[in-house]
Every structure is written in structure tokens, then in C-alpha cells.
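For reference, the structure discussed in these notes is given below.
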Amino acid sequence: MASFDGPGFMMVDNSWIQTKAIDVGSSTDISPYLSKILEDSVWNGNRSIIFDVYWDVESSVDTKSRWRLCSVKFSTKNFCLFLRLPSSFGDNLKDLYRFFASKFVTFVGVQIQEDLALLKENHGIVIRSSLEIGKLAAVARGTPIVEFLGTRELAHKILWYDMSRLDSIQSKWDEAGANDRLEAAAIEGWLIFNVYDQLQQ
């Protein structure tokens, strides 16, 4: 049974997000954690998984620069999973490919069009069902400009939640410790989960 035994964080509505950060090695089994995320999304979250991806730029003298997926974050109503990925993908990451290809859930993100293209082009990862939350918000609210907002600005526009904790961490990002950065990741995932939940009503 996967244990989300990382730090837990209280959100401004007093809900609790339990986290897990994993440095994925060649023998790391991530499937139990992905299953836990999938299970929570089905039982508690409109079958949606909030995701964000992070990139490194690899370059050498004789080749052009290439974007490499270095980490990925998945958030649901109750959990936040942060995976730091190795420089070369092993067989154990086939679980990640299968997870992204799931037809049972929708992967929801902010400004994801370029990420979707890079995932397919550079890693052969295809997300079968995805949703750009900004586009949904623009249509639902009749305000085209919200399509182009980042996570914080979009959440503030839709939810009007207190953002002071997130702002505090991000304002001192270079000095932030691992737990603070994980808390920021959890807050951002929770915000977009709630934006999507509200837009579904």
C-alpha cells in the first residue's frame, strides 16, 4: 500500500493535503503511488488529476538544445505527488506512460499546450484526455483574458482565496527549503483542483 508519508499541509479552507516526493531511480516502483492518485481522483474529484511538468534543457556542442522532462506533479483533492525523474528513463517509468494514457480520468493543467507537444515529441508520452483549465474558465466566465493567466492569477480570479501563504513562499523562492517548495506545489495543485471543481458546477 502506497504511503503518502511526506509532510501534510492545511489549506485556507482547512482541508488537508498529504504529500509524497520521490526521487525516482531505476528500481523505484511508482505504480502504487500512481494508483493512489488515480483512486482519489475517481472517488473524490470528478475523475480529474491536476498535473504540472517541469523541464531541463539539455545541450551539447554538436546537437541542438533538447527539452527533457525532469519532474512531474500530480494533485487530487487529498494528495500531491511530486516525482523527480532520472536523466534516462528505465522500464519502471512505463507505469508513468500508462498512467498518462489512462482513459478513465482527465488530466487538467494550466498553459499545457506546449507541454503536451514536448511530452509527445521528446518522450513519446501521449495524454489521452487533457484539459486546459484556462480555456474552460474563459468560456465559463465569458472572459477571454483568463485563458492566458498563470496558476495563481487564474485561481485568484475564479476563487478569490487568500494567497498570502503561496505568495510568501514564492517571494523567497531561492531561499525556500524542500518542505516550503513542496507546500507551494501542493497549494497550486489544490487551487487548480478547486477552480476545476467550481467550473464544473
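For the single chain, residues carry numbers from 1 onward in sequence order.
- Of the candidates Val108, Thr151, Val195, Ile50 forms a side chain to side chain contact (heavy atoms under 4.5 Å, CB included) with just one, namely Val108.
- At a threshold of 4.0 Å, the pair Asp5-Lys20 counts as salt-bridged, since one of the basic side-chain nitrogens sits closer than that to a carboxylate oxygen.
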Item to check | Audit row: Asn78, Thr76, side chain to side chain donor-acceptor pair (under 3.5 Å) steps and yes/no | outcome: CA-CA 6 Å; Asn78 299 300; Thr76 58; 5.8 Å; no

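- The closest side-chain heavy-atom distance from Ser75 to Ile49 is not below 4.5 Å.
- Listed by chain and residue number, nothing satisfies the salt bridge (Lys or Arg N to Asp or Glu O under 4.0 Å) test with Asp115 (two or more places apart in sequence, or in another chain).
- Aromatic ring centres of Trp190 and Tyr161: separated by under 6.0 Å.
- Looking only at distances, a side-chain donor or acceptor of Gln18 sits under 3.5 Å from a matching main-chain atom of Gly6.
- If you run side chain to side chain contact (heavy atoms under 4.5 Å, CB included) between Ile192 and each of Asp52, Asp197, Val110, only Val110 comes through.
- With sequence neighbours excluded, no residue satisfies salt bridge (Lys or Arg N to Asp or Glu O under 4.0 Å) with Arg128.
- Residue-environment remark: CG (Asp13) exceeds the threshold of 12 foreign heavy atoms within 6.0 Å.
- Thr143 places no side-chain N or O within 3.5 Å of a backbone atom of Ile145 that could act as its donor or acceptor partner.
- Salt bridge annotation for Arg165-Asp180: present, with a cationic side-chain nitrogen under 4.0 angstrom from a carboxylate oxygen.
- Here the shortest heavy-atom pairing between Phe9 and Ala186 reads CD1-CB, 4.2 Å.
- Val126 meets the side chain to side chain contact (heavy atoms under 4.5 Å, CB included) test with Lys120; sequence neighbours excluded.
- With sequence neighbours excluded, the residues that form a ring-ring contact (aromatic ring centres under 6.0 Å, His included) with Phe107 are Phe99, Phe100.
- Ring planes of Phe4 and Phe79: tilted class, angle from 30 to 60°.
- Residues satisfying the salt bridge (Lys or Arg N to Asp or Glu O under 4.0 Å) criterion with Arg181, sequence neighbours excluded, are absent altogether.
- With no hydrogens or angles considered, no side-chain donor-acceptor pair links Ser48 and Ser41 at under 3.5 Å.
- A donor-acceptor pair under 3.5 Å is formed between the side chain of His123 and the backbone N or O of Leu69.
- The side chain to side chain contact (heavy atoms under 4.5 Å, CB included) search around Gln200 returns Asn46, Leu136, Tyr196, not counting sequence neighbours.
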Next on the checklist: Let's go through Leu159 and Leu191 carefully: what are the C-alpha distance in whole Å and the side-chain angles of both, what is the deciding distance for side-chain contact (heavy atoms from CB on, under 4.5 Å) to 0.1 Å, and is it a yes or a no?
Outcome noted: CA-CA 8 Å; Leu159 302 171; Leu191 285 171; 4.2 Å; yes

